[in-house]
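To start, the structure itself, in structure tokens.
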Amino acid sequence: METESEPYVRLASLRQLHQVMADMNTARSLADTLQTVADGAVQALGYEMAAVNLVRQDGDLVVAAFSGNSAAEALITGRVGSRESWDRRLNMGERWGDLVFIPHTEGWVLDDDDVPQWYTEGPAPRFEDEWHPSDRLFAPMYTPGVQGGNCGELLGVISVDRPRNGRRPGAWGREALQMYAFQAAIAISNARLRANMQRALVRLEREQQALRASEESFRQAFEYAPSGMAIAEMGGDQHGRILRTNDALCRLLGRPASAMRRYSFADLVHPEDVGTLLRTSAEGGRAELRLGRRDGTYVWVSLRNSVVADAADGPRFLLTHVEDIEERKRRELQLAHRASHDSLTGLPNSAELRSRLSARLCQRPAHAGALDSLDAAYGHPAFDLPAGHGFDFASGTDGFDAYDHHVHTVAPEEGRDDGTKGLAVLFCDLDGFKSINDRFGHNAGDAVLIEVARRLSNGVRDGDTVARLGGDEFVILADGLGRADAQDLAVRLRNEIIQPIRAEGRAVRVGASFGIGWAHCGMTADEVLKSADERMYVEKRSRPKQHRRAG
């Protein structure tokens, strides 16, 4: 380039450089930009061949573009040189600013490294500045904003071979190549940025499409689910407020969607199930409870919660699945009722009777034997001991809290009317029932049992228990009665039972014997029933046979 007409060559070269740089910055892709950089070094800077070696993610450099010789291009394009070998090349030879020139006198040591290279043939140099076929010239490219030395991050290397005038580049040629490498680094970085942005946009569009498809799938799954679905707020003052419901839930509760948004699940749940709802309102909560319908009735449902986030670290909502289990619950209740109630009369059976009775009785404390000994020693109950004998049974200061806040069941003392109320156990045995079975058959006997059960149930208070112990034996548990109250109840019930009963088209009569026992803590259910049974037999034997039933 440095000839007699060098000023004119410089102007033409500047025009070419301007056009090449414009082409570099308007290329459609990174590959086009790299090829434009290689072509510009040949066309605008006047080198016979040029290669663009690009740094990969692993640090090695790959021949990404080549220009000037199709045979050499096919030979080395896509081949990789290790970063170690490239660092060695860039740290040897002569420093021409940012350029690295390795003359043929030193370059022979690089013939066996792994950097892709080509070989040109030609005569040995005749002049001092003549280009030798084994000379090497490299223009490192650094990230934009950093130029000069090793201060910036290496982006790649432009390697050129043999200027067309056959001479090593002079000051202007070196400056032109260095400036070209700097502008090429900007163009390549911009092309990479555009490529990354395009990939990000494509990825974002795909994610948005997938999100829209997911939202549509969720909407359809939510709206058309065969069982109830709801979305409710999670946390804050409005926790549990219903935001959205599907048609299945609206149909189940008989409420329109617009009305459902005025409620929370706490507003709809049965009062007895509020505690269950609160215990299961967290993530993953599951419960079986009753929800109120518009007509005032309740339906059993299985309620299951899961948490849905609106976005990353965004609002969280409860997705609630509501399944109608009314039929199953009805069957379960029927099975439970059958297991605990007599199939003929519908009264609680023997097992249920013992369960209810046992629930009222606590077991004797561990020191009960000591109490019995003290009773014998002092001749009166231990709780009447004089002060100072070591037991404070009211406060438990002896270290025993035998009943753990249990409300004790006590029995009124016999022969005394001190106002004590207790749990009366009335054992009822029918008189003359066997003869009805023998004379008129079991259907008539069953009719009698059913009617007796009805009369007993109507004759007691709400909260009292009437149970069929088995055969023609019934038991009544009546709490809060004194001895006179229990005896009056037995008389009233006996008078109800002896009234004529229609069975199989005829009127029959049965009598009844009652034994009254009293439950108190320290007894078992069987002990209480046995005591009442024994009193019943005493009462039965004490009455003349002809008085046991009226006809």
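Sequential numbering from 1 along the given sequence is applied to the chain's residues. Hydrogens, waters and symmetry mates play no part in the numbers below; they use all other heavy atoms, side chains included.
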- Query: CG of Asp273 to CG of Leu278: how many Å apart, nearest 0.5 Å?
  - Reply: 11.0 Å
- Should we count CD of Glu84 as having more than 12 external heavy atoms under 6.0 Å? no
- Message: I'd like to check the ring-ring contact (aromatic ring centres under 6.0 Å, His included) partners of Trp300; sequence neighbours left out, ordered by chain and number.
- Response: none
- Could I get the full list of salt bridge (charged side-chain N to carboxylate O under 4.0 Å, His left out) partners for Asp342, not counting sequence neighbours? Arg468
- Item | Glu327 bridged to Arg330 by N-O distance under 4.0 Å | yes
- Message: My understanding is that only residues two or more places apart in sequence, or in another chain, count here; which of them pass ring-ring contact (aromatic ring centres under 6.0 Å, His included) with His132?
- Response: His104
- Using a strict cut-off of less than 4.0 Å between a Lys/Arg side-chain nitrogen and an Asp/Glu carboxylate oxygen, indicate whether Asp295 and Arg293 qualify as a salt bridge. no
- Message: I want to check a possible cation-pi pair here: Arg255 against Tyr263, using under 6.0 Å from ring centre and within 45° of the ring axis as the test.
- Response: yes
- Task: Please list, chain by chain and in numerical order, all residues satisfying side chain to side chain contact (heavy atoms under 4.5 Å, CB included) with Arg89, sequence neighbours excluded.
- Result: Trp86, Ile102, Leu110, Asp113, Val115, Gln117, Arg136, Phe138
- Message: Suppose the criterion is side-chain hydrogen bond (donor to acceptor under 3.5 Å, both in side chains): which pairs have a residue in residues 186-202, not counting sequence neighbours?
- Response: Asn196-Arg199
- Among Pro256, Ser258, Cys250, whose side chain to side chain contact (heavy atoms under 4.5 Å, CB included) with Thr245 holds? Cys250
- Give a yes or no on whether Arg461 atom CZ has more than 12 heavy-atom contacts from other residues, nucleotides or ligands under 6.0 Å away. yes
- Evaluate the ring planes of Phe66 and Trp118, with Trp represented by its six-membered ring, and classify them as parallel (under 30°), tilted (30 to 60°) or perpendicular (over 60°). perpendicular
Quick one: side chains of residues 36-45, donor-acceptor pairs under 3.5 Å with protein atoms, not counting sequence neighbours, listed by atom name and distance.
| unit_1 | atom_1 | unit_2 | atom_2 | d |
| --- | --- | --- | --- | --- |
| Thr36 | OG1 | Asp32 | O | 2.7 |
| Asp39 | OD1 | Gln35 | NE2 | 3.0 |
| Asp39 | OD1 | Ser67 | OG | 2.8 |

- Under the side chain to side chain contact (heavy atoms under 4.5 Å, CB included) rule, collect the residues that match up with Glu205, sequence neighbours excluded. Gln208, Gln209, Arg212
- Query: With Arg219, which residues qualify under salt bridge (charged side-chain N to carboxylate O under 4.0 Å, His left out), at least two apart?
  - Reply: Glu216
- Item | Partner of Leu155 under side chain to side chain contact (heavy atoms under 4.5 Å, CB included), chosen from Ile186, Ile188, Val55 | Ile188
- Query: Quick one: ring-ring contact (aromatic ring centres under 6.0 Å, His included) partners of Tyr224, sequence neighbours excluded?
  - Reply: none
- Is any side-chain N of the basic residue among Glu272 and Arg290 closer than 4.0 Å to the acidic one's carboxylate O? yes
- Item | Salt bridge flag under 4.0 Å for residues Arg328 and Glu323 | no
- Item | Partner residues of Tyr180 under the ring-ring contact (aromatic ring centres under 6.0 Å, His included) criterion, sequence neighbours left out | none
- d(Leu268 CG, Leu303 CG) to nearest 0.5 Å is 10.5 Å
- Could you pull out all residues at least two apart from Glu223 that satisfy salt bridge (charged side-chain N to carboxylate O under 4.0 Å, His left out)? Arg244
- Note on the structure: Sequence neighbours excluded, the answer for salt bridge (charged side-chain N to carboxylate O under 4.0 Å, His left out) partners of Glu352 is Arg356
- Item | Arg294 atom CZ, over 12 foreign heavy atoms within 6.0 Å | no
